[in-house]
Amino acid sequence: MATAHRQRSRLHLISLCGASILFGAGLAAAADLSTLTRLAANSTAQQASAQRQIDQLDEAAQDAYAEYRAKLIELEGLRTYTRQLQALLDEQQALLDDLGARIQKTGSMDRELIPLMERMHGALDTLIEQDMPFLAAERQKRQARLRGILDNPELSLATKYRSLYEAYQIELDYGRTLETYPDTLEVDGKSLMATILRVGRIALYAMSADRNIIYEWDNRSRQWQLTEGLRHNLEKAVRMAKKQVAPDLLVLSVQAPEDAP
């Protein structure tokens, strides 16, 4: 009996130890599962965080690349602008160099132009003095004004040359126009109110108020000479000069050139 009781006690103890072992193993397994679950959750969270960081870095990289491309485009634009600006500066410098050369050349031309204009003015003086005496007072006044312009230091050479050119143009026009105007002549010590007729630069006539006395200017002797037989043609020429009749053929006496045989 005692032996059977001890055997049952030993079996009961073994059962309790086995149960304890199984319970402990179950607890250990549960603890391991919890740890694994927690580790898995942490790993998932870390992966999500890493993915977000990767996404952020990728977005930042894309933004940086876009900014880089924009800077490249801006840089190319600046380079193009710089090239254009440099070309403009080169062109401006070329213009400045050309202007400087022209200024130097102008200084040389000025030194040559001033004596030339003086000779031209002197030639006009000689022309008026040796020419037929038509519009003498007007032409002499124009020469005096021109002299004042040429002597004025405040006027530019361009202004002086233009005034001289205009005077030459006026004198040139006298050679191809027909003109009549009233004037007072001094003939043989007497004053004569007359109608003057200028035919270009080849003939100059004076007709008295009553049209009975006609003078022709002789440029060789530098005096007025009586002439006859021209009254009708002179009256016609006067009307033509006043544009009272249409231009027509005129028959007038004309002096031959001085070097003619």
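For the numbers below, each heavy atom of this structure counts, side chains included, while hydrogens, waters and symmetry mates do not.
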Decide yes or no on side-chain contact (heavy atoms from CB on, under 4.5 Å) for L178 and M240, but give the supporting numbers first. CA-CA 8 Å; L178 186 67; M240 288 172 57; 4.0 Å; yes

Step-by-step side-chain contact (heavy atoms from CB on, under 4.5 Å) determination, L234 to I214: CA-CA 9 Å; L234 285 181; I214 297 175; 3.3 Å; yes

Take M120 and Y168, measure what side-chain contact (heavy atoms from CB on, under 4.5 Å) needs, and give me the verdict at the end. CA-CA 9 Å; M120 292 174 67; Y168 262 84; 3.6 Å; yes

With side-chain contact (heavy atoms from CB on, under 4.5 Å) as the criterion, how do R231 and N212 come out once you've worked through the C-alpha distance, each side chain's angles and the decisive distance to 0.1 Å? CA-CA 8 Å; R231 176 176 175 176; N212 291 324; 3.4 Å; yes

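In this structure, the side chains of I170 and D173 stay at 4.5 Å or more apart for every pair of heavy atoms. By the 4.5 Å heavy-atom criterion applied to side chains, W217 and F134 are not counted as neighbours. Considering only heavy atoms from C-beta on, T227 stays 4.5 Å or farther from Y215 through its side chain. M117 is listed as a side-chain neighbour of L157, based on a closest heavy-atom distance under 4.5 Å. Using a 4.5 Å heavy-atom cutoff, the side chains of D55 and Q51 are in contact. A 4.5 Å side-chain heavy-atom check between Q143 and R147 finds every atom pair outside the cut-off. Contact of the L146 side chain with the R142 side chain is not registered, since no non-hydrogen atoms from C-beta on lie closer than 4.5 Å.
Counted by atom type alone, D218 and Q223 present zero donor-acceptor pairs between their side chains at under 3.5 Å.
For the atom pair CD1 (I128) and CD (E138), the distance works out to 10.0 Å, reported to the nearest 0.5 Å. Here the CD atom belonging to E129 is positioned 12.5 Å from the CG atom belonging to L124, to the nearest 0.5 angstrom. To the nearest 0.5 Å, the span separating CD on E216 from CG on L230 amounts to 7.0 Å. Note: E67 CD to L72 CG = 11.0 Å, rounded to the nearest 0.5 Å. Separation of atoms CG (D63) and CD (Q56) is listed at 11.5 Å; rounding is to 0.5 Å.
Counting non-hydrogen atoms of neighbouring residues, nucleotides and ligands closer than 6.0 angstrom, the CD atom of E228 reaches no more than 12 such neighbours. At most 12 non-hydrogen atoms from other residues, nucleotides or ligands lie less than 6.0 angstrom from CZ of R211.
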Tabulate below the donor-acceptor pairs under 3.5 Å that side-chain atoms of residues 190-203 make, not counting sequence neighbours, or state none.
residue : atom : partner : partner atom : Å
S191    : OG   : E186    : OE2          : 2.7
R198    : NE   : E179    : OE1          : 3.1
R198    : NH1  : Y174    : O            : 2.4
R198    : NH1  : T177    : O            : 3.2
R198    : NH1  : T177    : OG1          : 3.3
R198    : NH1  : G200    : O            : 3.1
R198    : NH2  : T177    : OG1          : 2.8
R198    : NH2  : E179    : OE1          : 2.9
R201    : NE   : D131    : OD2          : 2.8
R201    : NH1  : E171    : O            : 2.5
R201    : NH2  : D131    : OD2          : 3.3
R201    : NH2  : E171    : O            : 3.4
R201    : NH2  : E171    : OE1          : 2.5

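Ring geometry, Y161 versus Y165: the interplanar angle falls under 30°, so the pair is classed parallel (tilted spans 30 to 60°).
Take E154 and apply the side-chain hydrogen bond (donor to acceptor under 3.5 Å, both in side chains) test, not counting sequence neighbours, and it matches no residue. Partners of R162 according to the salt bridge (charged side-chain N to carboxylate O under 4.0 Å, His left out) rule, which considers only residues two or more places apart in sequence or in another chain, do not exist here.
Criterion: ILVMFWY side-chain heavy atoms under 4.5 Å apart, direct or through other members. Under it, M132 and L226 are part of a common hydrophobic cluster.
The main-chain N or O of L155 is never found under 3.5 Å from a side-chain atom of T159 such that the two would form a donor-acceptor pair.
Residues L135 and Y181 share a closest heavy-atom pair of N-OH, 2.9 Å. Of all heavy-atom pairs between K160 and L150, the closest is NZ-O, 3.2 Å.
A salt bridge is defined here as a Lys NZ or Arg NE, NH1 or NH2 lying under 4.0 Å from an Asp or Glu carboxylate O, and E76 with R69 fails to meet this definition.
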